[in-house]
Amino acid sequence: MLKDYAVITKNENETIKLGAEIASSLKSGDVIALYGDLGSGKTRIVKGICQGLDVKQMVNSPTFIIVNEYSSQKFHNIYHFDLYRMRSEDEVLGMGFEDYMNSGGIILIEWPEHIERLLPENTIKIHISHTVEDEAHRWIKIERPGI
Ligand SMILES: Nc1ncnc2c1ncn2[C@@H]1O[C@H](COP(=O)(O)OP(=O)(O)OP(=O)(O)O)[C@@H](O)[C@H]1O
Ligand SMILES: [Mg+2]
């Protein structure tokens, strides 16, 4: 797999498929930070990653409960955070964030801007932006440090 790369997806299914491709190279303890505006497609990527990991549970945005927990045969703990409503690092630490990070599970984080300093150095960063060309196009950049 390439270290850093960018693609344009033309609809949500292509974004989900990209997530499933990303899933194939994940290993225990990986942290994936998803950057992008409201409605850019962060949850769609998470859906795809979970499909790729063969998660059977329903994947949707955990905005009100902050973290959703899923599992698959290969990964018993998959944590999906949405930190949109979190106001400080202390608030996030107060919900036991470090225990999740040290669980050896897969960690997926929407709105990671709120905890930038708590992210490990080897975090996989995915940036999603709208494009000017088409309402349904997304420019998606994947940064994988250290490989
Ligand atoms: N190419 C595309 N990729 C992903 N989503 C797309 C695309 N084109 C259109 N969409 C639409 O954009 C929306 C993306 O929603 P999604 O919940 O994944 O965003 P989000 O970044 O998680 O938002 P939030 O910050 O509110 O959690 C969906 O309504 C989806 O149908
Ligand atoms: Mg979302």
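On a predicted model such as this, the values are computed, not experimentally measured, just so you know. Along the sequence shown, residues are numbered consecutively beginning with 1. Just follow the structure's listing: the first ligand is 1, and inside any ligand the first atom is 1.
Checking only distances, Glu135 never comes within under 3.5 Å of ligand 1, N or O to N or O. At least one N/O-N/O distance between Lys42 and ligand 1 falls below 3.5 Å. Of the polar atoms of Gly36, none of the N or O atoms is found under 3.5 Å from an N or O of ligand 1, judged by distance alone.
Among protein heavy atoms, atom 1 (N) of ligand 1 sits closest to Ala136 O, 2.8 Å. Nearest to atom 5 (N) of ligand 1 among the protein's heavy atoms is Glu12 CB, 3.7 Å. Looking only at heavy atoms of the protein, atom 14 (C) of ligand 1 is closest to Gly39 O, 3.4 Å. Ranking the protein heavy atoms by distance from atom 11 (C) of ligand 1 puts Arg138 NH2, 3.7 Å first. Ranking the protein heavy atoms by distance from atom 19 (O) of ligand 1 puts Gly41 N, 3.1 Å first. The nearest heavy-atom contact from the protein to atom 4 (C) of ligand 1 is Thr15 OG1, 3.4 Å. Among all non-hydrogen protein atoms, the one lying nearest atom 17 (O) of ligand 1 is Arg44 NH1, 3.4 Å.
Of the residues listed (Val46, Ile49, Asn68, Ile16), the one engaging Val59 in a side chain to side chain contact (heavy atoms under 4.5 Å, CB included) is Val46, and it is the only one.
Checked by atom type, the side-chain pair Ser61/Asp82 shows a donor-acceptor distance below 3.5 Å. Residues Arg44 and Thr9 bring no donor and acceptor atom of their side chains to less than 3.5 Å of each other.
Shown here for Cys50 and Ile78, the closest heavy-atom pair between the two residues is SG-CG2, 4.5 Å. The two residues Val92 and Phe97 have their closest heavy-atom pair at O-CB, 3.3 Å. In terms of heavy atoms, Gly39 sits closest to Arg138 at O-NH2, 3.4 Å.
Considering only heavy atoms from C-beta on, Trp139 stays 4.5 Å or farther from Glu133 through its side chain. For the pair Leu18/Glu21, a side-chain contact is recorded, criterion being any heavy-atom separation below 4.5 Å from C-beta on. In this structure the side chain of Glu110 never reaches within 4.5 angstrom of the side chain of Tyr84, judged on heavy atoms. Counting only heavy atoms from C-beta outward, the side chains of Leu93 and Glu98 approach each other to under 4.5 Å. Contact of the Ile124 side chain with the Leu26 side chain is registered, since non-hydrogen atoms from C-beta on lie closer than 4.5 Å.
Looking at Leu38 against ligand 1, both its backbone and its side chain come within 4.0 Å, counting heavy atoms. In Ile128, neither the side chain nor the backbone holds a heavy atom less than 4.0 Å from any atom of ligand 1. Heavy atoms of Glu110 found under 4.0 angstrom from ligand 1 belong exclusively to the side chain. Using a 4.0 Å cut-off between heavy atoms, Ile45 makes no contact with ligand 1 at all. Residue contacts with ligand 1, taken as heavy atom pairs separated by less than 4.0 Å, involve Trp111 solely via side-chain atoms from C-beta onward.
Remark: ligand 1 atoms within the under-4.0 Å shell around heavy atoms of Asp37 are 21 (O).
Of the possible donor and acceptor atoms, one in the side chain of Lys42 sits under 3.5 Å from a partner among the backbone N and O of Asp37.
Between Arg85 and Glu91 there is no salt bridge, since no side-chain N of the basic residue sits under 4.0 Å from a carboxylate O of the acidic one.
Trp111 and Ile32 sit in two unconnected hydrophobic clusters of ILVMFWY residues. Membership requires side-chain heavy atoms under 4.5 Å apart, directly or through other members.
Residue contacts with ligand 1: Val46 is excluded, as none of its non-hydrogen atoms falls under 4.0 Å.
Sorted by chain and number, the protein atoms of type N, O or S within less than 2.8 Å of the Mg ion (ligand 2) are Thr43 OG1, Glu110 OE1.
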